[in-house]
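Below: one structure, written as structure tokens.
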Number of protein chains: 2
Amino acid sequence: MTEAQEIETGARARTRRAIVEAAVRELARDSAASLGQIADAAGVGRTTLHRYFPDRAELLAAVGAETVARLTEVHARARVDEGDARAALRRLCPEYLLLGDLLTLLFTGVVPDAVLDGEGAAPLAALVARGHREGSIDPELDVEWVVGVVWAQLYLAWATLREGQAARHDIVPMLVRTVDKAVAP
Amino acid sequence: MTEAQEIETGARARTRRAIVEAAVRELARDSAASLGQIADAAGVGRTTLHRYFPDRAELLAAVGAETVARLTEVHARARVDEGDARAALRRLCPEYLLLGDLLTLLFTGVVPDAVLDGEGAAPLAALVARGHREGSIDPELDVEWVVGVVWAQLYLAWATLREGQAARHDIVPMLVRTVDKAVAP
DNA sequence: CCGAAGTGGAACATTGATGTTCCAACATGG
DNA sequence: CCATGTTGGAACATCAATGTTCCACTTCGG
């Protein structure tokens, strides 16, 4: 009965993890990164990578699954239903930022958009809709537009951090400030 | 003395234009589009494409030049030095949006970033700096951050338009509204 | 109308990525 | 210590993209 969740030894789990993490890093840097580059970045041979992920599509699927998992974590941790919607959004931004390179993959569509459209954007869209009802979020702005503005600024913030052009403690306040002001009624 | 600016017959100029335009369109859709796809989209043979642009790098350079030219046009047309900086920014957004797929290429870095950093972002950065001095733009926000927020939302607006998820007359007011509120002091 | 300019397609060589197979090395826990 | 699980690398076949050459066909201006 271990079909869905294969049991793996310590070594296998560790190697698998290293490969997926390297894939996230390299694909964020260059969405056309070759499997060879990813294997190098993971510190494993290309053969080993193919042992875990027979082809590129399976590796991308694993990255997608990782994304969904991390996204679910963030939503669970952020308690998006507490307080007024705009305040929840202010709390949510720094949490999302912890997704790091996954933000890049989501925003640039390396991971199939279905992920973002489904599991990914739904809680945020619901939060914005609640803000509309409560009156804490500008009614002139579509839910979709607000969601887009949030994602776009998260992506921007991460890209800035990643390239070392600013430090986290400088970026986060500006991110929260521009998101909050943009969506305020 | 026609070294820098080759004189071309009507036919050559037309074909060249068609290729560059198709390249912009296809590369915006998929930054890894093959030369064959681009040639097809331009309605010319792959051989003809190679006649105009011996290799991929030269085609990308031509796209870069096109980008600079269009960007220069926008800056010339927008009269960024008139009125207060925030008002100028409100006028500027719809103009930038006319860049269409070029926004995608700029934002996703298909065109070498040097273009954006140099000719591209300078006038906008100058506008924001003026806004800081005048007090019409939030002094808590870095010039770089404000510039990033503007580009990110322009990219978002174009992506939304391109995918037909909203009409221009719905998007533009929301774009201007969120940009303006975000940068207001 | 005719010659030059422009074009498309077939054919080819080259290259880099991909995926597979096989084997030698190695650690590691029983 | 040794059987098993795990790994890396070499070698190979395949494939798609790239860039080149050559030739036949249009077309369009003088």
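We name chains A, B, ... by the order of the sequence lines, and we start the count at 1 in each one.
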Next on the checklist: Closer than 4.0 angstrom, basic N to acidic O: yes or no for A:Arg29 and A:Asp101?
Outcome noted: no

Item to check | Any donor-acceptor N or O pair under 3.5 Å, side chains B:Trp145, A:Asp170 | outcome: no

Checklist entry - Got a donor-acceptor contact below 3.5 angstrom from the B:Thr48 side chain to the B:Val44 backbone? => result no

Checklist entry - Counting side-chain heavy atoms from C-beta on, which of C:dT20, C:dG9, C:dG6 comes nearest to B:Ala11? => result C:dG6

Checklist entry - Pairing of DNA chain C as dot-bracket, 5' to 3': ( ) intra-strand, [ ] crossing, | other strand, . unpaired, with Watson-Crick or G-U pairs under 3.5 Å? => result ||||||||||||||||||||||||||||||

Checklist entry - What is the distance, rounded to the nearest whole Å, between atom CG of A:Asp55 and atom P of C:dT18? => result 11 Å

Item to check | Between P of D:dA16 and CG of B:Leu35, the distance in whole Å | outcome: 16 Å

Next on the checklist: Is the distance between the ring centroids of B:Tyr96 and B:Trp151 under 6.0 Å?
Outcome noted: yes

Next on the checklist: Run the salt bridge (charged side-chain N to carboxylate O under 4.0 Å, His left out) test on A:Arg90 and A:Asp180 for me, step by step, so that the C-alpha distance in whole Å, both residues' side-chain angles and the decisive distance to 0.1 Å come before the verdict.
Outcome noted: CA-CA 7 Å; A:Arg90 281 193 299 266; A:Asp180 189 57; 2.9 Å; yes

Checklist entry - Atom CZ of A:Arg51 to atom C1' of C:dT21: distance rounded to whole Å? => result 11 Å

Tabulated below should be each protein N or O lying under 3.5 Å from an N or O of nucleotides 24-29 of chain C; please produce it.
none

Item to check | Salt-bridge contact B:Glu21-B:Arg25 (side-chain N to carboxylate O under 4.0 Å) | outcome: no

Item to check | Whole-Å distance separating the NE2 atom of B:His50 from the P atom of C:dG9 | outcome: 15 Å

Next on the checklist: Do B:Arg16 and B:Phe53 form a cation-pi contact, if we require the NZ or CZ to be under 6.0 Å from the six-membered ring centre and within 45 degrees of the ring's axis?
Outcome noted: no

Item to check | Short side-chain N/O contact from A:Thr48 to OP1 or OP2 of D:dT7, under 4.0 Å | outcome: no

Checklist entry - Whole Å only: how far is the CG atom of B:Leu59 from the P atom of D:dA17? => result 16 Å

Item to check | Heavy-atom donor-acceptor pair, B:His132 side chain to B:Leu141 backbone, under 3.5 Å | outcome: yes

Checklist outcome for this item: The answer to which of A:Ala32 and B:Thr15 contacts DNA chain C further toward the 5' end, by nearest nucleotide, is B:Thr15

Checklist entry - Between D:dT18 atom C1' and B:Arg46 atom CZ, what is the distance in whole Å? => result 7 Å

Checklist entry - Looking at CD of B:Glu134 and CG of B:Leu127, how far apart are the two atoms once the value is rounded to the nearest 0.5 Å? => result 8.5 Å

Checklist entry - Could you state the CG-P distance from A:Leu49 to D:dT7, rounded to the nearest angstrom? => result 11 Å

Next on the checklist: Mind checking if B:Ser34 touches a base, just sugar-phosphate, or nothing, with heavy atoms under 4.0 Å?
Outcome noted: sugar-phosphate

Next on the checklist: Whole angstroms only, please: what is the CG-P distance between B:Leu60 and D:dT18?
Outcome noted: 10 Å

Item to check | Distance-only donor-acceptor test, B:Thr47 side-chain atoms vs C:dG8 base atoms, 3.5 Å | outcome: no

Checklist entry - Is the phosphate of D:dT6, meaning OP1 or OP2, less than 4.0 Å from a side-chain N or O of A:Tyr52? => result no

